[in-house]
Amino acid sequence: MGVYYINDDTLGRILIHTRIGMKCVRSRIKDGLIELHVPQGISPDELRKIIDANRDKLNQILARNEEKRLTYHAGQVINCLGSSTITIGVQDKFPDKAIFGKDGTGNLYVNVASSMDLGNENVVSLISRCLKSLAKRLAPQVVIKYAQEVATEVGARPSRFVIGSGLRKLGHCTRAREIQLSYNIVFLPSHLARFIILHEITHLTHFNHSPEFHALLNSYCGGNEKALINELKHFPWPVKL
């Protein structure tokens with residue numbers, strides 16, 4: 001497999017992956033950059049023809065990606081599960097660094113050096129990592145406490161709740177009736193956090209995704225399972241997943 005870059009006047013820099021045995025072209029966006037996976041041996045002229053033929057589609061992908069692009073600004077307040085918030089600020093004490101923690105009044109913060117450009121992708125990634133570190137600290141307190149309240153409400157008896165490190169998988173129920181919940185749940189509003197918890201609680205009764213599973217989960221959700229799935233799918237996460 002080969003990897004190289006080309007530049008396009010309207011699409012910008014494009015990362016090309018060549019692979020033996022590929023018979024079609026696949027495209028995706030990663031970190032704001034178009035990536036094309038193409039058959040090995042494709043000529044520059046053939047590649048240009050493919051790009052031109054798919055230019056409208058690739059521009060649409062770029063536009064959608066820009067709409068979803070994660071951004072931060074000074075003074076931004078990120079709400080967390082429970083009553084906690086995290087404020088994005090600036091500081092001059094540590095040049096070219098981001099610091100995070102809890103101030104004297106108990107408020108959580110991520111402060112970046114005033115010289116940093118908050119629109120820069122590397123700075124965005126740095127802030128995201130700081131937010132995740134704070135979420136890991138919060139999760140054992142707020143996520144597990146909330147999960148226990150939800151379990152009591154529906155009469156569920158898991159063996160225990162634990163915090164997991166999954167970034168995309170938000171929950172998991174084991175055969176030992178242990179429910180693992182991602183620390184990223186800290187960033188969800190309470191009704192979506194409740195939905196994730198209820199999903200795993202339902203697995204205590206149905207260890208699958210059968211019609212019976214969805215019927216029980218839907219009853220827990222007051223008939224709103226599909227609406228909650230759709231809302232979670234489009235939730236604007238304040239961190240990179």
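Side chains included, hydrogens not; waters and symmetry mates left out as well; all remaining heavy atoms used.
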Would Thr85 and Ile78 satisfy side-chain contact (heavy atoms from CB on, under 4.5 Å), going step by step from the backbone distance to the final call?
-> CA-CA 5 Å; Thr85 61; Ile78 296 170; over 6 Å; no

Check: Ile201 main-chain N/O paired with Tyr220 side-chain donor or acceptor under 3.5 Å = no

CD1 of Ile196 to CD1 of Ile185, rounded to nearest 0.5 Å, is 6.0 Å

In short, Ala98 meets Val112 closest at the heavy-atom pair CB-CG1, 3.9 Å

Output the distance between atom CD (Glu225) and atom CG (Leu216), rounded to the nearest 0.5 Å.
-> 10.0 Å

Before accepting this row, confirm whether a basic side-chain N of the pair Glu121/Arg69 lies closer than 4.0 Å to the acidic partner's carboxylate O.
-> yes

Evaluate the side-chain proximity of Cys173 to Leu204: yes if any heavy-atom separation is below 4.5 Å, no if none is.
-> yes

Any side-chain donor-acceptor pair under 3.5 Å between Ser125 and Lys240?
-> yes

Considering only heavy atoms from C-beta outward, does the side chain of Val143 approach that of Phe161 to under 4.5 Å?
-> no

Examine distances only and state if a side-chain atom of Asn224 and a backbone atom of Ala227 form a donor-acceptor pair shorter than 3.5 Å.
-> no

side-chain contact (heavy atoms from CB on, under 4.5 Å) assessment of Val25 paired with His37 = CA-CA 6 Å; Val25 175; His37 293 253; over 6 Å; no

Without hydrogens or angle criteria, can the side chains of Asp45 and Ser43 be said to hold a donor-acceptor pair below 3.5 Å?
-> no

Which pairs count as ring pair (Phe, Tyr, Trp, His ring centres under 6.0 Å) when at least one residue sits in residues 177-203, sequence neighbours excluded?
-> His199-His203, His199-His209, His199-Phe213, His203-His209, His203-Phe213

Check whether any side-chain heavy atom of Ile179 lies under 4.5 Å from a side-chain heavy atom of Val162, and answer yes or no.
-> no

Taking ILVMFWY side chains as joined if any heavy atoms are under 4.5 angstrom apart, and letting links pass through other members, which residues group with Ile99?
-> Phe94, Tyr109

Report yes if the side chains of Asn79 and Pro189 come closer than 4.5 Å at any heavy-atom pair, otherwise no.
-> no

Side chain of Asn218, backbone of His214: donor and acceptor closer than 3.5 Å?
-> no

Say whether Asp92 and Ser114, considering side chains only, have a donor N or O and an acceptor N or O under 3.5 Å apart.
-> yes

Measure the spacing between CG of Leu138 and CG of Leu131 and express it to the nearest 0.5 Å.
-> 11.0 Å

Any side-chain heavy atom of Leu181 within less than 4.5 Å of one from Leu170?
-> no

Give a yes or no on whether a salt bridge exists between Arg55 and Asp8, defined as a side-chain N under 4.0 angstrom from a carboxylate O.
-> yes

Please check if Val77 and Val186 belong to a single hydrophobic cluster, counting links between Ile, Leu, Val, Met, Phe, Trp and Tyr side chain heavy atoms closer than 4.5 Å.
-> no

Could you state whether Leu198 and Phe207 fall into the same hydrophobic cluster, counting links through intermediate Ile, Leu, Val, Met, Phe, Trp or Tyr residues with side-chain heavy atoms under 4.5 angstrom apart?
-> no

Judged by atom type as modelled, is there a donor-acceptor pair below 3.5 Å linking the side chain of His206 to the main-chain atoms of Thr202?
-> no

Which residue pairs satisfy the side-chain hydrogen bond (donor to acceptor under 3.5 Å, both in side chains) criterion with at least one member in residues 147-159, sequence neighbours excluded?
-> Glu153-Arg194

With a 3.5 Å cut-off and no angle check, do the side chains of His172 and Glu200 form a donor-acceptor pair?
-> no

Pairwise side-chain contact, Ser115 with Asp96, heavy-atom cut-off 4.5 Å (strictly under) = yes

Going from OG1 on Thr87 to CG on Leu108, what distance comes out if it is rounded to the nearest 0.5 angstrom?
-> 8.5 Å

Can you list the steps and then say if Asn111 with Ile88 is a side-chain contact (heavy atoms from CB on, under 4.5 Å)?
-> CA-CA 6 Å; Asn111 290 341; Ile88 308 296; over 6 Å; no

Can you tell me if Ser84 uses its side chain to pair, donor with acceptor, with the backbone of Cys80 under 3.5 Å?
-> no

Gln91 side chain to Lys97 backbone, donor-acceptor under 3.5 Å = yes

Search all heavy atoms of Ser27 against all heavy atoms of Leu36 and return the closest pair with its distance.
-> CB-CD2, 3.4 Å

Does a side-chain heavy-atom distance below 4.5 Å link Ile14 with Ile16?
-> yes

Shortest non-hydrogen pair, Leu81 vs Ser190, comes out as CD1-CA, 3.7 Å

Is Ile163 close to Gln180 at the side-chain level, that is, under 4.5 Å between some pair of heavy atoms?
-> no

CE of Met22 to CD1 of Ile42: how many Å apart, nearest 0.5 Å?
-> 9.5 Å

Can you name the nearest heavy-atom pair linking Cys130 to Phe100, along with the distance?
-> SG-CD2, 3.5 Å

Between Leu232 and Leu188 the two heavy atoms that sit nearest each other are CD1-CD2, 3.9 Å

So, for Asn7 and Arg48, which heavy atoms are closest and what is the spacing to 0.1 Å?
-> O-NH2, 2.9 Å

From CG (Leu33) to CG (Leu62), nearest 0.5 Å = 9.0 Å

Among Ile29, Thr10, Ile34, which one satisfies side chain to side chain contact (heavy atoms under 4.5 Å, CB included) with Leu58?
-> Ile34

Apply side-chain contact (heavy atoms from CB on, under 4.5 Å) to the pair Arg19 and Gln40, showing each step before the final yes or no.
-> CA-CA 5 Å; Arg19 182 170 296 177; Gln40 188 166 347; 5.9 Å; no

